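Comments concern the structure below.
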Protein chains: 2
Amino acid sequence: MKNLCDAIEQYIKEMLRTAGEDFIEIRRNSLAEQLGCVPSQINYVLETRFSLERGYLVESRRGGGGYVRIVRRRVGTGRDAVETVFSEVRDAISRAKAEGYIHMLEEEGLVSAREAMLLRRAVGDGVSWVARVDRDSARARILRSMLLGLLGEPQPYNGREA
Amino acid sequence: MKNLCDAIEQYIKEMLRTAGEDFIEIRRNSLAEQLGCVPSQINYVLETRFSLERGYLVESRRGGGGYVRIVRRRVGTGRDAVETVFSEVRDAISRAKAEGYIHMLEEEGLVSAREAMLLRRAVGDGVSWVARVDRDSARARILRSMLLGLLGEPQPYNGREA
DNA sequence: GCTTTTGACTAACTTTGACTTTCAATACAA
DNA sequence: TTGTATTGAAAGTCAAAGTTAGTCAAAAGC
């Protein structure tokens with residue numbers, strides 16, 4: 001693996017795969033030691049690769065007997081999952097979060113690789129022309145509209161521009 | 001070789017030829033060092049010699065473990081149609097025209113029904129919040145960005161993992 | 001005049017480590 | 001016993017440093 005955090009991501013995902021449950025518990029420090037990295041690197045990976053949007057939940061406790069629990073978030077299957085994302089995308093969303101959701105939908109098999117690409121394009125480069133300050137809300141509107149489409153809502157259009 | 005960028009072009013093409021895959025991954029800085037040029041020269045070559053029109057696609061990532069991936073696109077099989085639409089969608093496009101193009105792509109089997117829906121959503125409802133005067137150009141930017149993405153993906157229906 | 005070459009500056013990600021906070025267990029005092 | 005202070009073992013935070021790649025415009029070659 002060419003970089004640490006990808007390796008850590010894979011390692012954790014493998015643990016999740018082999019675990020009987022849909023969560024695992026680790027000790028941050030010993031995992032870091034096993035993987036030969038500083039403990040805070042684990043936090044970085046959890047933030048960037050196991051975010052809520054990507055379909056994970058991280059709980060932890062400090063002190064003696066502390067732990068980090070990584071839970072596969074139940075986001076529903078099929079329609080439910082898309083609905084969940086739709087309701088969680090409010091009036092504004094950062095690029096990273098949007099891409100997190102798209103990543104999750106793709107991983108869950110709810111959109112194909114090509115569909116995921118179209119979503120990513122629309123909320124990525126597709127809004128790069130919008131002034132920085134308005135970009136997050138532009139993204140949210142486009143993403144929500146596309147999600148509605150995935151849910152099968154008809155799109156109003158009377159042939160003229162509304 | 002009379003100039004640097006031709007040499008770099010040949011070098012990269014040779015790498016593509018000998019690679020088993022239809023893409024290669026390089027590290028910009030080390031390639032530059034191997035070839036005895038400044039790193040930004042690589043970008044220049046990629047822009048001028050490995051452009052979309054010439055049948056290539058370039059993706060990259062920065063930071064630790066960063067890379068530049070150069071993909072040779074398969075030609076034919078209707079790709080020309082996507083390219084045509086891409087080049088015809090200039091800096092602004094009406095909703096009706098956009099829908100027309102999307103419909104055509106769908107009829108030609110270049111995008112699936114769902115993909116067409118996503119395109120329609122993005123350039124329809126997705127830009128309804130934009131001030132009317134700017135809507136056509138917003139539409140064009142989003143559509144072009146999405147089409148660009150389509151050019152880099154395998155065809156629908158026979159799709160493999162990206 | 002066009003293309004090519006260069007390099008200073010910028011942006012995006014990653015890695016590290018010093019410092020902080022929280023918690024459980026234990027020790028101690030009343 | 002009961003409440004409280006101490007302590008050590010976790011995990012969290014944050015900013016600096018490191019590692020890539022991108023941009024842009026000036027300079028250099030046709």
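This structure is a prediction, so every number in the text was calculated from the model and none was measured. Proteins come first, then strands; the chains are lettered A, B, ... in the order of their sequence lines, and each starts at number 1.
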For this session: Select from A/Arg49 and A/Arg61 the residue whose nearest nucleotide in DNA chain C is closer to the 5' end of that strand.
Result: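 It is A/Arg49, whose closest nucleotide lies nearer the 5' terminus.
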For this session: Let me know, please, whether B/Gly36 or A/Gly63 comes out on the 5' side of the other along DNA chain C by nearest nucleotide.
Result: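 Taking each residue's closest nucleotide, the earlier one in sequence belongs to B/Gly36.
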Problem set entry | Donor-acceptor pair, side chain of A/Thr84 and main chain of A/Asp80, under 3.5 angstrom |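 The answer is yes, because a donor-acceptor pair under 3.5 Å joins these two groups.
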So which nucleotide from [options] ends up closest to the side chain of [X]?
{"X": "B/Arg62", "options": "C/dA11, C/dT3, D/dT13", "result": "C/dA11"}
{"X": "B/Tyr44", "options": "C/dT15, C/dT5, D/dA21", "result": "C/dT5"}
{"X": "A/Asn29", "options": "D/dA10, D/dG22, C/dT15", "result": "D/dA10"}
{"X": "A/Val68", "options": "D/dG22, C/dT6, D/dG12", "result": "D/dG12"}
{"X": "B/Asn3", "options": "D/dA21, C/dT4, C/dT15", "result": "C/dT4"}
{"X": "A/Arg28", "options": "C/dT14, D/dT13, D/dT23", "result": "D/dT13"}
{"X": "A/Val38", "options": "C/dT6, C/dT16, C/dT14", "result": "C/dT16"}

Exercise. Taking the six-membered ring of B/Phe23 as reference, does the NZ or CZ atom of B/Arg69 fall below 6.0 Å from its centre and within a 45° cone about the axis?
Worked result: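 Judged by the rule (NZ or CZ under 6.0 Å from the ring centre, within 45° of its axis), B/Arg69 counts as positioned above B/Phe23.
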For this session: Tell me whether the guanidinium CZ or amine NZ of B/Arg73 lies under 6.0 angstrom from the six-membered ring centre of B/Tyr56 and within 45° of its axis.
Result: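 Not flagged: B/Arg73 not positioned over aromatic ring of B/Tyr56.
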Problem set entry | Between C1' of C/dA12 and CD of A/Glu99, the distance in whole Å |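 It is 13 Å, rounded to the nearest whole Å.
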For this session: Using a cut-off of 6.0 Å, state whether more than 12 heavy atoms not belonging to A/Glu88 lie near its atom CD.
Result: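 Check passes, neighbour count above 12.
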For this session: Have a look at B/Ser40 and say if it touches a base, only the backbone sugar-phosphate, or nothing, with a 4.0 Å heavy-atom cut-off.
Result: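 Base: the residue B/Ser40, judged by heavy atoms under 4.0 Å, touches a nucleobase.
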For this session: Kindly say if A/Gln41 contacts the phosphate of C/dT15, meaning a side-chain N or O under 4.0 Å from OP1 or OP2.
Result: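 Yes, A/Gln41 has a side-chain N/O under 4.0 Å of OP1/OP2 on C/dT15.
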Exercise. Counting just side-chain N and O atoms, does B/Arg27 come under 4.0 Å of either OP1 or OP2 of D/dT20?
Worked result: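 Yes.
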